[in-house]
Novice: 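Dropping the structure in here first, questions after.
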Amino acid sequence: MPWTNTAASPISRSPVERRAFFGSIPMNSDLFAVVRARVLAALAAVAGALPGEILERVEVTPAREALHGDLASNAAMVAAKAAGQRPRDLAAALAAALATAPEIFQAEAAGPGFLNIRLRPEALHAMLPAILRAGEAYGDGAIGAGERVNVEYVSANPTGPMHVGHCRGAVVGDALANLLRKAGYKVTKEFYINDAGAQVAALAWAAYWRYLQALGTTLTEAEFDALAPAGLQYRGDYLIPVGAELAARFGDKLATPGAFPADPALWFDAVREITVAAMLAEIRADLDRLGVAQEIFTSEAALVAKGATEAAIARLEAAGLIHEGVLAPPKGKLPEDWEPRPQTLFRATLFGDEVDRPLKKSDGTATYFANDIAYHADKIDRGFNVLIDVWGADHGGYVPRMKAAVAALGAGRVVFEALLCQIVHVVKSGQPVRMSKRAGSYITLRDLIEEVGRDAVRFIMLTRKNDAQMEFDLDQAVAQTRDNPVFYVQYAHARARSVLRHAAEQGFATAPEALAEAALGSLNDPAELALIRRLSAWPRLVEGAARAREPHRIAFFLYDLASDFHILWNRGREAAALRFIQAETPLETGARLALVAATAVVIRSGLAVMGVTPVEEMR
RNA sequence: GCGCCCUUAGCUCAGGUGGAUAGAGCAACAGCCUUCUAAGCUGUGGGUCGGUGGUUCGAAUCCACCAGGGCGCGCCA
């Protein structure tokens, strides 16, 4: 069956179809997409036009067992009903129709109606030059279709150094943003500075205490604690330098004689501003250590100051989504000071939330939610279609109301998604690690990075699904063994680069352009072909991980890829024919070097998404 | 009390949106190191996918109920 285009066919719009013939598979090709197009064409030929919902469900996946071939498709089982045929029969017809497809060596029906596909070795081989020519851009996708996504992450109160909890959100958010970008979304990385509200006020008081201490106050910590409106909440050492800076700048002008507290009206704004700036600088330095750099920093206080909260509430009001009402008391144990009270409420229930949500506190100021509505309205106004917030799991209860608010403000054009990160327990030698030298009550990001290094922090933070709790094992993170995934993957890359360096020293051409021209027919060992199959799955993996918003899949893929590569490397010890560099067979060596170089490319492509360094050598 | 998340090998965890006989590392057991980097390698054993029902050609995956763990439940963010 010749490959023909049908104008009405859904696949005629696919870029795949323009590459039609074998031998012209272009850069960035996705082997799975190519074969899927073949299967869909066969389906159209055998069963005629089928509804789009059916065609969408047709998958081409890696074969689970090598016995089954290279790829498998569920096409016959999915389409059987609509096609009016039994799955087995349809699969057999599809197999016959696929026999002439240039990539396919053999197709056969199996099991309940699977289509097992064995590729021509040339089709697998052709992936290597495609990968080498594309470089790290291999795997770039188009599923984002240029959609504009805002990924907001970290977004901590600027009240102290970042700790491990923030760190997980930072890594997950950053990797997710990179992943979406790779999949073809237009992504903005953003940080929301929660510099308004009670926590920041408490911070200012805590910094003021350090200021008084710097002046030599005789007041005790307990006395100050009793005196501050919300108590002394931030007691870590990290505010001592801020107190010293305040003393250096203002002398004793912010205190009464004897270094006792003065009227807050005299000092509060100045102290808060300077302290928040200092904390923000600290956080940005921490992010920098972690290799995270958001493009946009938005200040809650600045939004409030320019009236964004009132404006957002007015927008909701104009849409009839605000009312005054009395909420029922919360179920379960009642807060002690509970009393029914009329409040300004957002009609979140119209958008799927359980209750309407308050926008004003009893003192008339805006709730955090009201300010957050203003912030998300701001993001919507900046033209994003998808707003993704990365939060701690303790904010889970907050998701439905935010979703409701974005639905209300975005007129159905904008979706809100939240990624919740569960807690991280740091352990060393099987024992929980809790205290930090600097911050007192928690482990700082800085401690963690100093202990195990940035790459280990980033990689290991991505070795769990974001919504599963995680143990971060400090011993494992620095181990140079297979059970340390960071090491294992970086070592695979270093090994590949090392082989290429040795080859170059022996006079082999190792530039990607040169290797892309290598004759590859000699690559036919199962371990070599398994590695190529893995490399071929990279674009598909990127697409799936991006759709599911699951950056951790990259980590597992790279681990498996590293494993395939190490296996091949090790097999060279027994089977001399598999050793990469063999001076007496330069053509075959060229083929193997192409495989090695392509492996390095894909590892680099994946590490780039994770923000982990592809090391060139480990000594 | 209600809502959300989690429960997969002895341990830590994957499982690509419903596919074929459920996978990996560690630990255990048996072999192996004269080599492009042994910073290990090969093989074996190991499972009631928390439980019970349901949906369909087919369920670890979807639904209902139950058990255990985590998080949350107006004026904190």
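Chain naming here is simple, since letters A, B, ... match the order of the sequence lines and numbering starts at 1 in each. Here the structure is a predicted model, which is why all the values come from computation and not from measurement.
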Novice: If we take the C1' atom in both B:rU8 and B:rG46, what is their distance in whole Å?
Specialist: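 Comparing C1' positions in B:rU8 and B:rG46 gives a spacing of 14 Å.
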Novice: Just to confirm, is there a sub-4.0 Å distance from OP1 or OP2 of B:rU35 to any side-chain nitrogen or oxygen of A:His502?
Specialist: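 No, outside the criterion.
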Novice: Determine the Euclidean distance between corresponding P atoms of B:rC71 and B:rG25; express it in Å to zero decimal places.
Specialist: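 Each nucleotide's P atom is 33 Å from the other's.
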Novice: Between B:rA77 atom P and A:Gln233 atom CD, what is the distance in whole Å?
Specialist: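 My rounded result for the distance is 11 Å.
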Novice: Do the side chains of A:Pro158 and A:Gln199 get nearer than 4.5 Å, heavy atoms only?
Specialist: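 No. Closest side-chain heavy atoms not under 4.5 Å.
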Novice: Could you state the atom-to-atom distance from CG of A:Asp394 to C1' of B:rC4 in whole Å?
Specialist: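 Taking atom C1' of B:rC4 as the reference, CG of A:Asp394 is at 13 Å.
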Novice: Tell which nucleotide pairs with B:rG72, taking only Watson-Crick or G-U wobble pairs whose two distances are both under 3.5 angstrom.
Specialist: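 Checking every strand shown, B:rG72 finds its partner in B:rC2, with both distances under 3.5 Å.
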Novice: Find the partner of B:rG58: check Watson-Crick (N1-N3 plus N6-O4 or O6-N4) and G-U wobble (N1-O2, O6-N3) distances, both under 3.5 Å, and reply none if neither fits.
Specialist: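 B:rG58 is unpaired by these criteria.
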Novice: For the residue pair A:Thr344 and A:Glu324, confirm or rule out a side-chain donor-acceptor distance under 3.5 Å.
Specialist: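 Looking only at side-chain atoms, A:Glu324 and A:Thr344 do form a donor-acceptor pair, the distance falling under 3.5 Å.
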Novice: With heavy atoms under 4.0 Å as the rule, sort A:Arg357 into base, sugar-phosphate or nothing.
Specialist: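 If one applies the 4.0 Å heavy-atom cut-off, A:Arg357 turns out to touch nothing in the nucleic acid.
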Novice: State which of B:rG74, B:rC36, B:rU37 makes the closest approach to the side chain of A:Arg579.
Specialist: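 Per side-chain heavy atoms of A:Arg579, the pick is B:rC36.
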Novice: Round to a whole Å and report the spacing from CG of A:Leu568 to P of B:rU42.
Specialist: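 From A:Leu568 CG to B:rU42 P: 11 Å.
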Novice: Write down the distance between CZ (A:Arg464) and C1' (B:rG25), rounded to a whole number of angstrom.
Specialist: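 The answer, rounded to whole Å, is 10 Å.
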Novice: Give a yes/no on whether any side-chain N or O of A:Ser498 is located under 4.0 angstrom from OP1 or OP2 of B:rU37.
Specialist: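 Yes, within the criterion.
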Novice: Classify the side-chain pair A:His376/A:Asp389 by whether it contains a donor and acceptor separated by less than 3.5 Å.
Specialist: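 There is such a pair between these side chains.
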Novice: Less than 4.0 angstrom between a side-chain N/O of A:Arg495 and OP1 or OP2 of B:rA38, yes or no?
Specialist: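 True: A:Arg495 side-chain N/O within range (under 4.0 Å) of B:rA38 OP1/OP2.
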Novice: Please figure out whether A:Pro112 or A:Lys465 has its closest RNA chain B nucleotide nearer the 5' end.
Specialist: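 Mapping each residue to its closest nucleotide by heavy atoms, the 5'-most match is A:Lys465.
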Novice: Measure OH/A:Tyr398 against C1'/B:rG72 and give the value in whole Å, please.
Specialist: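 Roughly 14 Å, once rounded to whole Å.
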Novice: Taking the basic N atoms (NZ, or NE/NH1/NH2) and the acidic carboxylate oxygens, is any pair closer than 4.0 Å for A:Glu550 and A:Arg553?
Specialist: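 A salt bridge is present here (some side-chain N lies under 4.0 Å from a carboxylate O).
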Novice: Nearest-Å distance, CG (A:Leu541) to C1' (B:rG15)?
Specialist: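 It is 13 Å, rounded to the nearest whole Å.
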Novice: Given that A:Thr481 and A:Glu616 both sit by RNA chain B, which one's nearest nucleotide is further toward the 5' end?
Specialist: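 With A:Thr481 and A:Glu616 compared, the 5'-side residue is A:Glu616.
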Novice: Rounded to the nearest Å, what distance is computed from the CG atom of residue A:Leu359 to the P atom of nucleotide B:rC75?
Specialist: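 Going from A:Leu359 (CG) to B:rC75 (P), I get 12 Å.
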